[in-house]
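Report on the following structure.
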Amino acid sequence: MTNELDSIVDSARQAFAGAATPAQLEDAKARFTGKAGRLTELMKGMAALSVEDKKSRGAAINQAKQAIEEALSARRRALADAELEAQLHAESLDVTLPGRMREPGGLHPVSRTMERIEQIFASMGFDVADGPEIESDWHSFTSLNNPPNHPARSMQDTFYVDLNGDDGIPYNLRPHTSPMQVRYAHAHIKKHRDAAEIPEIRVIAPGRTYRVDSDATHSPMFHQCEGLWLGRNVSFKDLKVVFTNFCRTFFESDDLALRFRPSFFPFTEPSAEIDIQFQSGPLAGRWLEVAGAGQVHPTVVRNMGLDPERYIGFAFGMGPDRLTMLRYGVNDLRLFFDGDIRFLRQFR
Ligand code: PHE
């Protein structure tokens with residue numbers, strides 16, 4: 001009898017040890033202490049015994065049951081531990097791995113140039129204005145003395161937008177910042193409409209511009225900065241002074257020559273291209289074109305709503321991308337817009 005109980009306890013221990021999962025373990029348990037388990041069957045058989053025998057037999061069976069339950073809970077713990085262990089292993093974190101660095105960012109080189117331009121012109125009393133990149137035909141061309149079908153329109157290969165303006169002519173992605181001349185003048189006049197006399201206009205308008213053009217020195221999106229100074233007695237001489245002062249400050253060099261080369265723009269007369277020449281350094285001796293400029297055409301002054309007999313002055317449009325290339329010695333414009341972090345990191 002005792003032997004039989006011992007052997008039941010032994011086989012329960014073996015069955016528990018063989019259970020690989022909690023579910024298998026519960027199955028094994030049922031075979032011994034469940035409703036039809038081997039130990040349960042033995043207990044049912046006790047009914048026929050004498051009181052004396054019931055006592056000793058009951059005690060022996062209880063002992064065996066206790067032993068089985070101990071084995072069961074030990075195995076339950078072992079399986080739970082193993083499961084936790086496996087889970088921890090699967091989710092393991094190697095705390096010795098080096099961290100992923102977030103590098104500090106920096107301003108884009110062209111943005112740096114824009115900031116410098118704004119600072120330098122602000123120090124000369126210029127306002128800084130911003131305007132739309134999707135422009136009406138009138139602002140981009142007609143108001144600038146460049147009417148429809150005028151041959152000068154082909155100076156710029158313009159992107160047109162599939163949307164017509166008031167005049168039935170499609171909007172365009174502005175091919176230059178010059179539409180800001182008339183836009184700013186209109187806002188200026190409105191602002192000062194109660195004044196006895198409209199004060200002079202002194203403004204720059206930096207921003208994005210667009211042309212159908214793409215190679216190492218042209219990008220379909222590029223930057224320009226317009227300048228306009230219009231007053232009672234503003235002359236070409238003032239343009240020379242302002243622009244020379246700007247270039248010398250921007251390039252931090254007094255050793256810089258400027259040349260005003262005759263040119264043509266419909267909105268200025270006379271017109272010039274402005275070239276600069278470094279006297280030392282890797283670019284020394286070469287004339288480099290940095291801006292178009294000229295005395296604002298009377299027709300444009302009229303389109304601004306001002307009297308060309310009273311308001312006279314100059315405008316210029318320069319290329320901040322070009323200035324950035326010259327300042328940092330970059331030879332391919334596309335590098336500015338590719339977003340290659342190895343290039344941009346150098347300006348951080
Ligand atoms: N808008 C001209 C261009 O894009 C530049 C310019 C601006 C010329 C102002 C004269 C006066 O080429």
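Just so you know, ligand 1 is whichever comes first in the structure, and atom 1 is the first atom listed for that ligand.
- Residues with a heavy atom under 4.0 Å from ligand 1: Q156, H176, S178, Q181, R211, Q224, E226, F265, F267, T268, G292, A293, A315, F316, G317.
- Both the sub-6.0 Å distance and the 45° axial angle are not jointly satisfied by R286 relative to the ring of F278.
- Every residue two or more places apart in sequence or in another chain was checked for a salt bridge (charged side-chain N to carboxylate O under 4.0 Å, His left out) with E91, and none qualifies.
- Linking ILVMFWY residues whenever their side-chain heavy atoms come closer than 4.5 Å, directly or via other members, leaves L258 and W287 in distinct clusters.
- E41 has a carboxylate O that lies under 4.0 Å from a charged side-chain N of K44, or vice versa, which qualifies the two as a salt bridge.
- No side-chain donor-acceptor contact under 3.5 Å links S271 to the backbone of G294.
- Using a 4.0 Å cut-off between a side-chain N of Lys or Arg and a carboxylate O of Asp or Glu, K54 and E52 do not qualify as a salt bridge.
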